[in-house]
Amino acid sequence: MKVNGKEYRTIWMEGASVMMIDQNRLPFDFFVFRSENFLTTCDSIRNMTTRGAGAIGAAAGFAMAQAFLAAPVKNRDKFLLQAKETIINTRPTARNLFYAVDLVYEAGLISPKAAYEQAQQIAEKDIADSRAIGKFGSMLINNGDHILTHCNAGWLAFVDYGTALAPIYRSVEDGKNVFVWVDETRPRGQGARLTAWELHNAGIDHRIVPDNAGAWLMSNKRVDLLITGADRIAANGDTANKIGTYEKAIVAKHFGIPLFIAAPTSTIDLTCTTGNDIVIEERSEDEVLYQSGPDESGKINRIRVASPGSQAINPAFDVTPAKFITGIITEKGIIKPKKEEITKLFKGRINS
Ligand code: MRU
């Protein structure tokens, strides 16, 4: 997507370095971070310099490729197995991370060049899948629709174009008039900071809303459709996404408003029978207790926004049961969140 008139991907490789838009500095500062080795790329996933299921997947694949490119001759196998272990321990919930590491590791057993090419292919496929999701998803959107989205599943969460925002981008490209309600998505504010920045950049009309405004908006008939992304989808359609998605889903069902999950098949994990098998990441309580942003001089300050002395918990994701989901928009088409339809996508193959 374009930033200041220049085409960017969220993450890419230049030689043996991984380049990524620093999402911790957005929307206040646009900065491209260079990671020269797999350990730094792991740090970037952990500290969310890069984030979002598809971008994490690409980053993990690139990190594995970096490890193959740097592997010493002596104790090579041990080095690579340790590298793999380090990468898969960066974040637990997004399925794409594990999917990408496995594919690149397998390719790397042939040669480092094969690992590099496989990582690049994962990134290219991520973009192609996002475009296809945009095409299918746009068929659900009518001219004038008001769409509510939670968190950021736009191009910043993938290599380019995104998933939940892809149908919106495609609809606008097709000449439809679309309005987006952007949940702020506490505590890290991926909606208020990243989705709003993306939509503003693309000239798409939107408003940021407090996370607890959903029921009010829906009861006042101001939402036609909800579209969110996914971090992992179980075989029965239960879907892990950013914390708060479950609440929106219950409210949407109550008011009879459709909720679609937009995600590539690389986010579906057939080894998770139900959502109960999905590991939910718990992050630092500081993300809840503190907020940061620029003061008038532009300097980023961190301030406490909760009562001193109180502690917090910070589950990063929740699992929306399939019964609250109207459909899943994949790169292969739109399906019901049902085991039979999901299994059909893989033609019986288990993507373990
Ligand atoms: O913790 P993050 O920012 O990596 O969370 C992932 C997300 O951005 C969301 O849950 C998103 O809706 C799905 S990922 C495309």
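Side chains included, hydrogens not; waters and symmetry mates left out as well; all remaining heavy atoms used. Note that ligands are numbered from 1 as they come in the structure, with each ligand's atoms numbered from 1 the same way. Remember, predicted model here, so these are calculated numbers, not experimental data.
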Heavy atom of the protein closest to atom 8 (O) of ligand 1 (residue, atom name, distance): R51 NH2, 2.4 Å

Min heavy-atom dist R283 to ligand 1 below 4.0 Å: no

Pair D183-T185, side-chain donor/acceptor within less than 3.5 Å: no

Residues which pass salt bridge (charged side-chain N to carboxylate O under 4.0 Å, His left out) with R283, listed by chain and number, not counting sequence neighbours: E281, E287

Minimum heavy-atom distance between L289 and A312, given as atom pair plus value: CD2-CB, 3.8 Å

F158: numbered ligand 1 atoms lying under 4.0 Å from its heavy atoms: 15 (C)

Close-contact set for ligand 1 against A157 heavy atoms, below 4.0 Å: 15 (C)

Top protein contact for atom 13 (C) of ligand 1, by heavy-atom distance: N241 OD1, 3.1 Å

Side-chain H-bond candidate by donor/acceptor type, S171 with D174, under 3.5 Å: no

Structural part of M48 in contact with ligand 1, heavy atom criterion under 4.0 angstrom: side chain

side-chain hydrogen bond (donor to acceptor under 3.5 Å, both in side chains) partners of residues 126-135, not counting sequence neighbours, each pair once: K125-D129

Part of A230 with heavy atoms under 4.0 Å of ligand 1, whether side chain, backbone, both or neither: backbone

Non-hydrogen atom of R91 closer than 4.0 Å to ligand 1: yes

Region of Q190 engaging ligand 1 - heavy atom pairs below 4.0 Å: side chain

For atom 10 (O) of ligand 1, closest protein heavy-atom neighbour: D231 OD2, 2.5 Å

Residue-ligand contact T228/ligand 1, heavy atom below 4.0 Å: no

Ligand 1 contact by G52, heavy-atom criterion under 4.0 angstrom: yes

Sub-4.0 Å atoms of ligand 1 with respect to non-hydrogen atoms of F317: 1 (O), 5 (O), 6 (C), 10 (O)

Heteroatom distance test (A153, ligand 1): nitrogen or oxygen, under 3.5 angstrom: no

Verify same cluster id: I261, F324 (apolar side-chain graph, 4.5 Å): no

Distance-only donor-acceptor check, side chains R188 and N24, under 3.5 Å: yes

Residue and atom name of the nearest protein heavy atom (relative to atom 14 (S) of ligand 1), distance in Å to one decimal: A53 N, 3.2 Å

Numbered atoms and elements of ligand 1 in range of C151, under 4.0 angstrom, heavy atoms: 7 (C), 8 (O), 9 (C), 12 (O)

Residue E7 excluded, over 12 heavy atoms near CD under 6.0 Å: yes

S44 and T49 side chains, donor-acceptor separation under 3.5 Å: no

Between Q120 and Y116: side-chain donor-acceptor atoms closer than 3.5 Å: yes

